[in-house]
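Data first, discussion second: the structure below is written as structure tokens.
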Amino acid sequence: MDEVVLAATIVVAWSTTAIAAALCWLRFSSHITARIAAGMTGANFVIAVASAVLTLATGPVTLALGQSSVQLDPLSVLLSVLVLGLSALIQSFAVRYLRGDRRQGWFVVVATTLTAATVLLVCAASVLVFALAWVAAGAALIAALATYPDLPQAHEGIRRTARRFALADAGLLVGVGVLLVAGGGDRSLRELGSIAASLGEPLSLTVAALLVIAALARSSQLPFHGWLPFTLAAPTPVSALMHAGVVNAGAILLVRFSPVISVHAWLMTTIVLLGGATLVWASAARLVRPDVKGRLVYSTMAQMGFMIMACGLGAYAAAIFHLIAHSLFKSSLFLGAGMGVRRFVTERDRPAAEPVTGVRRALALLIAIVVPVSGLIVAELLLTRPIAPANLTLLAFVAATGVITLAATLTGRFTVGTLLIGVTGILTLILAYIAFLNTFSAALDPVPASASAPAWLVAIPFAALLTLDLLTRTRTTSRLRDRVYGLALTITELNPSLAKGLPR
Amino acid sequence: MSLILRAHVAAAAHDIVPSWPLDSFIAVNPLAGAESRPFGSGADPDVAITRSTADFVTDFHRGRIPVEALERALVARIPTLAQTVPLGEKTLPAATIAALDMIEWPDSEAGTVPAEDTALDRSLCIWIAAYLNPDPLWAMPHRDQGFYAAWRRLAAGDLALPRPSRRRIADAPEDADAALQKAVSAVAPSELHNYLRAQLAPLPGWVAHIKWRAEKVGDIDLTNYLAVRLTLGTTLESNLVTPVTAVPAPVDTTWERAGRIAVSVTRGAAGPEVVAAVARVLAEHPPAEHLLTWQAAYEEVYRTELVGMLRSIAEPTERPDVQVVLCIDPRSEGLRRHLERYRGVETLGFAGFFGVPIRFSRYAAQGAMNALPALLTPRHRVTEHPLDTRAAARTVAAARRRGAFGHALRTADAATLSPFAFAETAGWFSGALTALRTLAPSTHARLERALSSRPGDLPARLTTDGSFTLDERVSMAATAMRVMGLTRPAPLVVLTGHGSHSTNNLYQSALDCGACGGNPGGVNARAAAELFNDPEVRAALAGNGLRIPDDTVFVAAEHDTVRDTVTVLDRHSIPQSHLKQVREFEELQAEAGTRLVTERARTLPGARSRRAVERVRQRADDWAEVYPELGLAGNAAMIIGPRELTRGVDLSRRVFLHSYRTELDPDGSALETIMTAPLIVAQWINHQYYFSTLNPGTLGAGTKTIHNAVGTLGVLAGHRGDLRRGLPWQSVGFGSELLHEPMRLTVVIEAALDRIGQIISANQVLRNLLDNEWITLTARDNIHHPWHRYTRYGWTPTITLTARQNQETPV
């Protein structure tokens with residue numbers, strides 16, 4: 001029964017693609033094709049939810065085809081529900097959004113292919129299946145960027161993406177090839193540890209490095225980050241799908257191939273450093289972008305940096321938790337990218353806030369700092385067993401969010417009402433967050449990392465972000481601030497010929 | 001010296017049309033600078049001013065353009081073609097020969113290559129966008145010193161530029177005027193004007209916005225822009241202007257075409273004199289003129305049909321039960337037609353701001369909006385006074401509290417440290433909301449409305465009597481009554497403004513009332529209703545001879561053009577005596593609205609289905625819908641005259657209708673007001689739609705699906721580039737079909753011809769528009785006189801095709 005459901009999830013996804021492609025080739029109405037594809041993806045979502053319930057009850061399930069296999073373990077179940085749910089929603093959105101667009105058919109085929117490849121990716125249980133699904137997802141993404149092939153900006157986006165993906169995926173295939181040869185054919189992801197051990201140190205490190213490069217490129221991390229900001233010449237649903245379903249594949253690779261990668265402690269350190277660097281760099285770039293989608297792009301880059309950093313620290317459950325919540329968040333923001341004018345009008349009609357000054361402001365800030373931090377400490381002590389240092393350092397970010405949110409509330413309006421609602425709200429959210437995160441980690445129960453980067457490394461990006469925040473607020477003239485602002489503004493558009501001062 | 005340079009800049013920028021930001025979208029003619037020249041003359045070869053010849057020839061073969069219309073258009077444009085030409089044994093009218101030329105051998109058009117932006121343009125776009133960013137997460141340092149000064153300080157330290165460039169920027173003058181002076185010092189004074197114009201030509205979207213901003217906000221101007229552009233350009237040692245590829249001169253094919261026509265006309269027996277005669281005719285109408293002639297013929301067919309539909313019946317004598325005054329917007333035409341199916345309902349058309357120009361802010365609101373036509377400057381601020389002050393205080397406190405939480409959420413997302421954990425928490429909620437919003441938009445909207453109560457929803461009175469003196473109020477009321485011809489007010493007069501409710505639509509302001517500055521017109525209706533109901537004002541009006549009966553009550557309402565519902569506003573101010581009538585009116589409008597939605601669903605893309613009315617109305621809340629309504633797509637004409645001209649005629653929501661009665665306007669001042677204001681607004685809208693349809697990539701905004709908003713300033717297409725002007729493709733087309741038929745505005749006026757002529761002579765703008773054929777004008781003195789067309793040389797009688805006779809009758 002469980003195997004049937006597993007097979008159904010994957011088969012239905014690929015059938016949706018096939019049917020969509022066939023209907024488009026037959027010049028069927030693209031509107032109806034879009035509705036059929038969205039409906040089928042929705043049905044597939046229901047199947048995935050059913051499979052989630054089943055695996056919760058009966059445990060993981062594997063389906064083998066010769067040496068290759070696919071599986072339904074907690075990770076694949078969670079992620080396939082996420083991918084199929086988001087894909088169904090975004091395709092339903094696109095049925096109306098791309099109404100009349102002559103490329104609507106192309107979008108439907110590309111979106112369904114991307115969904116099917118990603119479902120196969122998360123359900124993959126053996127090395128070859130994973131690698132093929134990975135490459136297929138990358139190719140589908142590039143096809144998605146070609147939705148409006150006449151636009152020069154689309155060309156630029158495709159060129160940049162294709163170059164980086166080709167390089168990184170070539171490396172991935174080389175690394176996977178070595179693993180296949182060493183394992184004598186396609187082997188399950190669970191046996192990776194022994195295969196890697198049989199490879200010997202330098203070869204094992206090379207393979208691990210190639211895998212890491214592939215993950216970094218897909219998640220748009222430094223130094224392979226130069227493709228994501230140039231992908232906005234495709235319709236909004238493509239961006240939503242991309243930011244919600246494709247860029248987070250890096251973490252999935254790092255978690256699945258953890259037996260190979262996490263053996264090398266300093267490789268994990270590199271991952272943390274690169275993730276942290278992207279986090280800081282993308283946060284700075286986001287602060288200076290004036291356009292709404294540009295901000296979302298750099299926000300995604302920073303969030304992926306956070307996620308990759310968590311992977312490097314060995315906090316796999318936290319990384320996947322972040323991945324899922326971020327996918328839901330970012331796709332909503334992209335789909336709603338046109339709300340700016342309505343929001344402006346609504347804000348204009350709202351009463352102005354009365355400024356909170358002096359003693360009340362100081363009191364508000366004090367409460368805003370003490371309450372979330374102490375609430376977090378108490379929740380962590382009560383609910384988390386055992387307490388991992390990696391998770392603790394990441395909680396610094398949670399504390400920062402709690403403090404900033406409560407401070408913004410109380411310095412906006414310091415009354416009994418806001419105090420009560422604010423404090424109870426923050427404490428409830430913190431408690432719920434910790435409880436949810438713990439339940440999630442327990443349910444996911446990922447294979448722990450063999451070695452991981454030292455947890456204190458998180459302090460570096462945290463401190464850098466804090467400095468950045470102070471720089472944005474400073475009212476005195478500061479050359480450092482001017483330099484950072486100018487760099488953040490123009491380096492994202494850095495063109496080699498611009499640097500040489502030549503016309504393009 | 002800087003004043004002279006600024007004068008040069010202003011002169012170079014003279015033809016640039018300022019473009020309004022997204023939050024108060026005003027339709028403008030993107031080629032307004034060329035209105036002083038004949039339509040289509042000296043046009044940029046990259047700008048399409050008509051559809052292609054292939055399209056016109058297809059229309060010809062479809063029967064949309066009869067050959068007689070083509071010949072008439074030829075004669076109208078080139079009078080010498082009225083003669084006949086002997087060709088061997090036959091004699092043909094010259095117009096027929098020229099028409100044959102147009103139909104049989106259409107010209108091929110060269111495709112235009114989109115210009116690639118230079119590194120300079122790209123760099124400039126980044127700096128301008130960062131400077132003008134309305135809600136920055138990190139405010140640009142030194143922004144208060146002006147664009148050039150801020151840029152210079154930041155670029156001098158910009159590590160992305162090579163060191164020599166940075167040094168050159170640091171050495172540049174500190175002041176924008178000085179920098180511009182230095183940059184143009186190498187340009188000869190006689191060439192300066194053209195040089196500056198060439199510098200203002202790239203990035204037309206940003207330049208147009210800067211020109212608007214220089215007048216309305218003042219934090220940037222074109223001098224600063226040019227200073228940055230030229231300094232950056234010399235620093236980058238780049239070409240400052242993209243070289244213009246020379247358009248090859250078209251090959252002269254007159255003799256060839258003449259030969260072919262001669263052969264086809266004489267059936268092979270064409271001697272050289274025949275060919276020469278034909279060639280002489282063709283030389284009068286060179287290929288460069290073909291498109292304009294096609295366009296003229298195309299429009300003439302519509303115009304003749306329109307004028308033929310107009311009625312000549314006497315007005316009914318009994319007093320109507322309810323009069324509904326709507327905006328001149330073409331969408332109102334549909335509602336007026338459906339409302340007038342009921343006995344006792346009379347409708348009038350008047351500019352949507354009802355003659356009350358105000359700057360309005362809701363009760364206790366932090367911002368205000370300009371509710372008046374774009375060309376006027378507001379001089380009176382008006383706000384609301386709630387009737388129940390305790391409830392108002394409670395609502396304001398609740399709104400402030402909600403505002404604090406909203407601000408907190410936005411800060412959590414926007415600050416540097418918090419977005420990571422914020423995404424982890426907020427993601428789950430936003431995922432659920434997205435699912436609800438995409439699958440059940442109306443439920444989501446109902447939820448949103450239930451959770452947000454705004455101070456603006458409280459019953460309140462406007463403070464018009466505080467802002468305007470009694471004399472001003474009387475004068476506004478008197479002008480309104482005279483201009484729309486409201487002499488026999490019904491017991492209930494509903495002043496209906498209009499607005500459009502859509503979701504996730506950056507162009508929502510383009511669908512609102514243009515006469516109210518791109519805002520919903522309900523506020524102006526409320527202000528006007530209060531004005532007319534004021535007993536002091538009524539007494540003064542009676543003194544001026546404009547009597548409003550004591551049993552007349554004015555009520556304000558707003559027409560939502562997506563849902564086609566008319567909501568009565570300020571119910572608290574309706575006296576007991578008229579409540580029953582108001583309720584009856586509401587039932588009427590519900591039925592009329594439903595019928596109108598059914599009519600609209602026939603042309604609205606994707607709206608043909610069962611439960612069409614419900615589905616179309618749901619589009620207001622659907623965030624995925626790119627076609628919430630068609631707006632003013634299809635607008636083609638403006639009729640200024642009494643409703644009897646158009647009562648009962650189905651104008652397919654394509655016509656601006658303004659009420660006017662000659663007999664109530666002895667000195668012609670009302671007509672002058674109408675012709676110099678609402679007519680110009682209609683012309684702007686018409687040309688905005690016209691050029692956005694024909695040039696979606698350059699004068700229009702392209703497809704909405706890749707739009708990327710810069711705050712509420714405007715949109716970029718993709719991740720960088722110029723600000724887009726005009727309307728998006730989804731406002732004018734569906735897929736590869738056009739929803740808007742590009743036709744220049746046909747104005748029809750029923751008023752004394754010499755009065756019209758006087759008004760036109762006295763007004764430069766109108767003279768330009770009409771003499772240069774940007775719009776056309778057809779008029780008649782009254783119902784007993786024939787229709788005449790305005791031409792540069794006087795009034796000429798028109799051809800009228802009456803629906804009953806269906807034959808050509810020169811009137």
Side-chain angles (χ1 to χ4, degrees), chain A residues 89 92-93 96-97 99-100 102 153 230 232-233 235 283 287-288 290-293 303 306 322 325-326 328-329 332 338-341 344 348-353 397-398 400-401 404-405 408-409 412-413 417-418 465 468-469 472 482-483 485-487 489-491 493-494 498-499 501 503-504, chain B residues 22-23 118-119 129-130 133 137-138 141 154 157-160 162 165 236-239 362 364-367 396 399-401 403-404 407-408 411-412 415-418 420-424 426-427 430-431 434 438 456 504 506 508 605-606 624-626 705 708-710 712 716 718-719 734-735:
Chain A
L89 268 185
S92 164
F93 182 94
R96 288 156 279 168
Y97 195 75
R99 201 194 283 283
R102 49 186 190 90
Q153 288 188 21
F230 299 91
L232 292 175
S283 297
L287 289 176
V288 300
D291 51 319
V292 62
K293 284 190 185 175
Q303 301 273 6
F306 183 85
H322 188 89
H326 173 258
L328 295 169
F329 190 55
S332 312
M339 307 271 247
V341 179
F344 170 82
R348 180 181 66 192
D349 290 344
R350 222 189 273 277
F397 285 92
V398 179
T401 308
I404 291 176
T405 315
T409 318
R413 187 169 173 78
T418 47
L465 283 178
L468 185 63
D469 195 47
T472 62
D482 291 356
R483 287 224 162 146
Y485 184 92
L487 199 59
L489 192 59
T490 51
I491 201 167
E493 286 285 324
L494 183 57
L498 189 69
R504 205 185 157 280
Chain B
L22 273 187
D23 54 293
T118 61
N133 184 3
L137 298 178
W138 183 359
L154 294 172
D158 179 12
L159 297 171
S165 308
L236 291 180
E237 289 175 299
S238 64
N239 289 330
R362 296 222 167 263
Q366 52 185 332
V396 168
R400 286 210 168 103
R401 189 168 48 237
H407 171 70
T411 313
T416 330
L417 273 169
S418 49
F420 312 101
F422 181 69
E424 290 183 355
S430 59
T434 300
T438 313
N504 207 13
L506 289 170
Q508 64 176 49
E625 187 58 65
V626 282
T705 54
N708 182 2
V710 179
T712 51
L716 309 172
H719 47 269
F734 176 67

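All chains are named by letter (A, B, ...) in the order of the sequence lines, taking the proteins before the strands, and each is independently numbered beginning at 1.
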Which heavy atom of B/A421 sits nearest a heavy atom of A/T401, and at what distance?
CB-OG1, 3.1 Å

Nearest 0.5 Å, please: how far is CG in A/D469 from CG in A/L287?
8.0 Å

Give, as side chain, backbone, both or neither, the part of B/E424 having an atom under 4.5 angstrom from any heavy atom of chain A.
both

If we define contacts as heavy-atom pairs under 4.5 Å, which of A/G338, A/A408, A/G486 has the most with chain B?
A/G338

So which of B/L22, B/T411, B/T416 has the biggest tally of heavy-atom pairs under 4.5 Å with chain A?
B/T416

Between B/A423, B/G606, B/A412, B/G735, which shows the greatest number of heavy-atom pairs under 4.5 Å with chain A?
B/A423

Name the option with the most non-hydrogen atom pairs under 4.5 Å to chain A; the candidates are B/F734, B/F422, B/F420.
B/F420

Go through the structure and list residues passing ring pair (Phe, Tyr, Trp, His ring centres under 6.0 Å) with A/H326, not counting sequence neighbours.
none

Do you know which of A/S332, A/P235, A/A400 has the most heavy-atom pairs with chain B at a distance under 4.5 angstrom?
A/S332

Below 4.5 Å from any heavy atom of chain A, which atoms of B/L417 appear? Answer side chain, backbone, both or neither.
both

In Å and rounded to the nearest 0.5 Å, what is the OG1 to NE2 distance from A/T405 to B/H407?
10.5 Å

How long is the span from the OH atom in A/Y485 to the OG1 atom in A/T490, to the nearest 0.5 Å?
10.5 Å

Just give me the residue among B/V626, B/L137, B/T712 that pairs up with chain A most often, heavy atom to heavy atom, under 4.5 Å.
B/L137

Residue from A/V398, A/L468, A/L465 scoring the most non-hydrogen pairs under 4.5 Å with chain B is A/L465

Chain B contact via A/S283 - side chain, backbone, both or neither, heavy atoms under 4.5 Å
side chain

Gap separating the CG atom of A/L89 from the CG atom of A/L328, nearest 0.5 angstrom:
9.0 Å

Hey, which of B/A129, B/G427, B/G431 has the most heavy atom pairs under 4.5 Å with chain A?
B/G427

How far does CG of B/N708 sit from CG of B/L506, to the nearest 0.5 angstrom?
9.0 Å

Heavy atoms only: give me the nearest B/H719-A/A233 pair and the separation to one decimal.
ND1-N, 4.5 Å

Under a 4.5 Å heavy-atom cut-off, does chain B meet the side chain of A/F397, its backbone, both or neither?
both

